[in-house]
Amino acid sequence: MDVELLEIRQHMGQFPPFDGLSDELLDAIAEQVEVSYFKTGSDILALNDTLDELCYIRSGAVEVYRRQGELYNRLGEGDIFGHFSLLRNHKVRFPAKAIEDTLIYFIPDAVFQRLCEEDDDFADFVELERPRLETAAEQQKKSNDMMVTRIRKLVTRYPVMVEATTSVQQAARQIIDAQASAVLVIKEGSDNPRYSFQDSEGQIWQMCGILTDSDFRTRVVAEGLSPSTPVGEVISERLITVQSDASVYEAMLTMLRSNVHHLPVLYRQRPVGVVHLSDIIRYETQSGLYLVSNIFNQSSAQGLAKLAPDVRAAFVRMVQEGANSQMVGSALSTIGRSFTRRLLELAEDTLGPPPVPYCFMVNGSMARNEQSIVTDQDNALILSNDFVAEEHNEYFHALAAFVSDGLAACGYTYCKGDVMATNRQWRQPLAVWKRYFQDWMANPTPEKLLHSSIFFDLDSVYGEDLFVETLQDLIAQTAPKSPLFLAAMARNALNRTPPLGFFRTIVMEKDGKHNNSINLKRRGTAPMVDLIRVHALACGSKAQSSFQRLDDISKTQLLATGVSDKLSYALEFLCMSRIRHQMIDLQEEREPDNNIEPENVEDSERHTLKDAFQVLSNAQKFLKFRYPVPTQRQRR
């Protein structure tokens, strides 16, 4: 395969649905691709034209339109279009135009049909029309991403190669110029068919070794060899390689078993890249599992703070790979809990053992397992009833300050409402907390309703779990028997409404800071979480996650059949819209927030956003009806 075809398959192998294909299928594509260039503004596909090829965007940008001329989608590098026509009557249903100078790979219908027949993931991608960020969702269900991701995905550039007769000094210069850490050594001929390949000019070469930056130190400099020494004289005869369609996991095992840090990646016998162990580690460090492990290996608050960029990297990777909102929320909440636990361990190491038992309680999104990358602190301390303020308060105030300051350094901002364990009001014995909760439900003033909305999402992070479980039991037993409290909570949940106006159009924010935008938390996810909480309190659910609460609610007669499912779908879509926006902010090096501008949202997503807001609006209308303010007689 010549260099041009190799470049085609290398590029396509980086993007779904081609990134999961075997080398054989990628070969079939590359060998039959036709390449065409389109200037800005030129038509690529015209309505009702005959189409016998799948279109793949190599570079540039394309707009796809509906029959009536409305914009349907904007596509960029690595996207495909035209597959609907190939799956139906081969007539263009969605015309396409280049909005930038664009290079298109045209893949013949015969190859397209073969891909659909031989690769189920490819067929699902084109038949279900799932956006790129959603198509990887099924992959997330598999046990280990490293076992399904092919090592070629980690190859970002072609390897540096020198002939065996090249001097070590020249080889070192080439490594420096290429900003690489190794050079592959080749020679003419084919003594070893396993490592022989043909270049673009028909010349036969054989890879005979690899020279790394470490080798230069130990085999050249340390041995005092001359700079003119040929590299062929210092390379090891032992050559360990991996095929490009091997999994990342297989490549890692190969490195570990052979005790090597550099692994040449081959497409058949031709070298296409070199993967360093750090590439695999970097790939895996962006997973929540590795990050959690790394958190507990830190010996100081300063070390934990240095991991803040890794949290954002893990978030971006999860979203890119198609994780749903529950996966993302659970992972980020687990990471947040891990930071908190480790800080508490470090605090006890510094301050000594606690004078009385305690439980560090988290509230809000972390308690619900629904954290996003934009979050602040909501926490409190439940102390043993043996707590004596005069003797013990200084210790627990210092512990709370250590944790709160540490979390702030790790990216979890201080709560603007001061709902933190550093606040004496939220650092109390269990008996006081029980009185708090009972009073809030018995006398629901606006301030107490606000406290209920925050603290009735609660979970234990560290210490005596039984303290939090006691409070959860108290809520589950008392709330269903408190109609005045439920009615007040229901009306409180109506303070934030979805941005729907007449004819179901979206109403923009006009707050001066985010004009013509929608705050998806304030106008979407937060009011949805609030109303779900009310129903959960009414049915005595002890679940904390909004989605688990909906499961409990669906088992009762609080809502009509199917309504819980609609709420779940709407919440998931609102959460994912918010999450994806935050990911884009991070990728474009902006500080992430909760606001989206509708002009930056595709038509299809905007339509679904309206549907989700309408579900929320209907549910809020029912909330007031379902929990009326009891009459005086009922209150007695």
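This one's a predicted model, so the numbers in the text were calculated from it and none came from an experiment.
With a 6.0 Å radius and a threshold of 12 heavy atoms from other residues, nucleotides or ligands, Lys448 has its NZ atom above the threshold. No more than 12 heavy atoms of other residues, nucleotides or ligands shown are found within 6.0 angstrom of OH on Tyr569. Atom CD of Gln425 has more than 12 heavy atoms from other residues, nucleotides or ligands within 6.0 Å.
Contact record, Lys434 with Leu474: O-CD2, 3.8 Å, taken as the closest heavy-atom pair. Here the shortest heavy-atom pairing between Leu346 and Ser299 reads CD2-O, 3.6 Å. Of all heavy-atom pairs spanning Val374 and Pro592, the tightest one is CG2-O, 3.5 Å. Closest approach of Ala479 to Met441, counting heavy atoms only: N-SD, 3.8 Å. The minimum heavy-atom distance linking Ile475 with Leu537 is given by the pair CG2-CD2, 3.4 Å. The nearest pair of heavy atoms linking Cys415 to Gln377 is CB-O, 2.9 Å.
The backbone N or O of Ser372 lies less than 3.5 Å from no partner atom in the side chain of Thr375, so there is not a single donor-acceptor pair. Checked by atom type and distance alone, the side chain of Arg342 pairs as donor or acceptor with a backbone atom of Gln298 at under 3.5 Å. Although no hydrogens or angles enter the test, the distance criterion places no donor-acceptor pair under 3.5 Å between the side chain of Ser568 and the main chain of Ser564. Ser554 places a side-chain N or O within donor-acceptor distance of the main-chain N or O of Asp551, the cut-off being under 3.5 Å. With hydrogens and angles disregarded, a donor-acceptor distance shorter than 3.5 Å links the side chain of Gln472 to the backbone of Leu458. The main-chain N or O of Phe613 is never found under 3.5 Å from a side-chain atom of Ser617 such that the two would form a donor-acceptor pair. The main-chain N or O of Arg427 is never found under 3.5 Å from a side-chain atom of Tyr358 such that the two would form a donor-acceptor pair.
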Next item on the list: Verify side chain to side chain contact (heavy atoms under 4.5 Å, CB included) between Arg523 and Arg496, making sure each step is shown before the conclusion.
Entry: CA-CA 6 Å; Arg523 306 298 297 276; Arg496 296 179 286 195; 5.7 Å; no
Notebook entry, point to check: Yes or no on side chain to side chain donor-acceptor pair (under 3.5 Å) for Asp215 and Thr212, after CA distance, side-chain angles and deciding distance?
Noted result: CA-CA 5 Å; Asp215 293 334; Thr212 69; 3.2 Å; yes
Checklist line | Check against side chain to side chain contact (heavy atoms under 4.5 Å, CB included), Arg626 and Leu558 | finding: CA-CA 8 Å; Arg626 182 63 184 78; Leu558 285 172; 2.9 Å; yes
Item checked: Chi angles and distances behind the side chain to side chain contact (heavy atoms under 4.5 Å, CB included) call for Phe456, Asn363 -> CA-CA 8 Å; Phe456 284 11; Asn363 307 96; over 6 Å; no
Next item on the list: Please step through side chain to side chain donor-acceptor pair (under 3.5 Å) for the pair Gln620 and Thr497, ending with a clear verdict.
Entry: CA-CA 8 Å; Gln620 286 187 326; Thr497 57; 5.5 Å; no
Next item on the list: Before giving the answer on side chain to side chain contact (heavy atoms under 4.5 Å, CB included), spell out for Cys575 and Glu370 the whole-Å C-alpha distance, their side-chain angles and the decisive distance to 0.1 Å.
Entry: CA-CA 9 Å; Cys575 288; Glu370 295 169 10; over 6 Å; no
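Between His451 and Trp426, the two ring planes are perpendicular [angle over 60°; tilted spans 30° to 60°]. Using cut-offs of 30° and 60° for the angle between ring planes, the His392 and Phe387 rings count as tilted.
When side chains are defined from C-beta on, Val461 counts as touching Arg341, because their heavy atoms get closer than 4.5 Å. Residues Asp473 and Lys542 are in side-chain contact: their nearest non-hydrogen atoms beyond the backbone lie under 4.5 Å apart. Contact annotation: the side chain of Leu407 approaches that of Asn379 to within less than 4.5 Å [non-hydrogen atoms, C-beta and beyond]. When side chains are defined from C-beta on, His535 does not count as touching Asp552, because their heavy atoms never get closer than 4.5 Å. In this structure, Asp19 and Pro16 have side chains that are in contact, with non-hydrogen atoms separated by less than 4.5 Å. Phe402 is not listed as a side-chain neighbour of Leu344, based on a closest heavy-atom distance of 4.5 Å or more. Counting only heavy atoms from C-beta outward, the side chains of Arg368 and Arg549 approach each other to under 4.5 Å. Side-chain contact between Tyr462 and Thr340 is absent, with no heavy-atom pair separated by less than 4.5 Å.
Taken to the nearest 0.5 Å, the OH atom of Tyr412 stands 10.0 Å off from the CG atom of Leu343. Between Cys359 atom SG and Asp465 atom CG the span is 6.0 Å, to the nearest 0.5 Å. A distance of 11.0 Å separates OG in Ser541 from CD1 in Ile532, rounded to the nearest 0.5 Å. Atom CE of Met576 sits about 5.0 Å away from atom CD1 of Ile579, to the nearest 0.5 Å. Summarising the geometry, atom CG belonging to Leu531 is positioned 9.0 Å from atom CG belonging to Leu571; distances are rounded to the nearest 0.5 Å. One finds the OG atom of Ser577 at 11.0 Å from the CD atom of Gln582 (value rounded to the nearest 0.5 Å).
Partners of Val316 by side-chain contact (heavy atoms from CB on, under 4.5 Å), not counting sequence neighbours, listed by chain and number: Gln320, Met583, Leu586, Gln587. Listed by chain and residue number, nothing satisfies the side chain to side chain donor-acceptor pair (under 3.5 Å) test with Ser452 (two or more places apart in sequence, or in another chain).
Looking at Gln544, Arg337, Gln326 one by one, the single match for side-chain hydrogen bond (donor to acceptor under 3.5 Å, both in side chains) with Asn369 turns out to be Arg337. Of the listed residues (Thr525, Asn595, Ile596), just one forms a side chain to side chain contact (heavy atoms under 4.5 Å, CB included) with Asn519, and that residue is Asn595.
Not less than 6.0 angstrom separates the ring centroid of Trp433 from the ring centroid of Phe467.
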Distance-only criterion, 3.5 Å: show the donor-acceptor pairs between side-chain atoms of residues 483-494 and protein atoms not counting sequence neighbours.
{"residue": "Arg491", "atom": "NH1", "partner": "Ala487", "partner atom": "O", "Å": "3.2"}
{"residue": "Arg491", "atom": "NH1", "partner": "Tyr627", "partner atom": "O", "Å": "2.8"}
{"residue": "Asn492", "atom": "OD1", "partner": "Asn495", "partner atom": "ND2", "Å": "3.1"}

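The closest side-chain donor-acceptor pair between Asp593 and His581 falls under 3.5 angstrom.
A salt bridge does not link Lys416 to Asp376: none of the charged side-chain nitrogens sits closer than 4.0 Å to a carboxylate oxygen. Residues Arg312 and Asp585 are not paired through a salt bridge, judged by the lack of any N-O separation under 4.0 Å between the basic side chain and the carboxylate.
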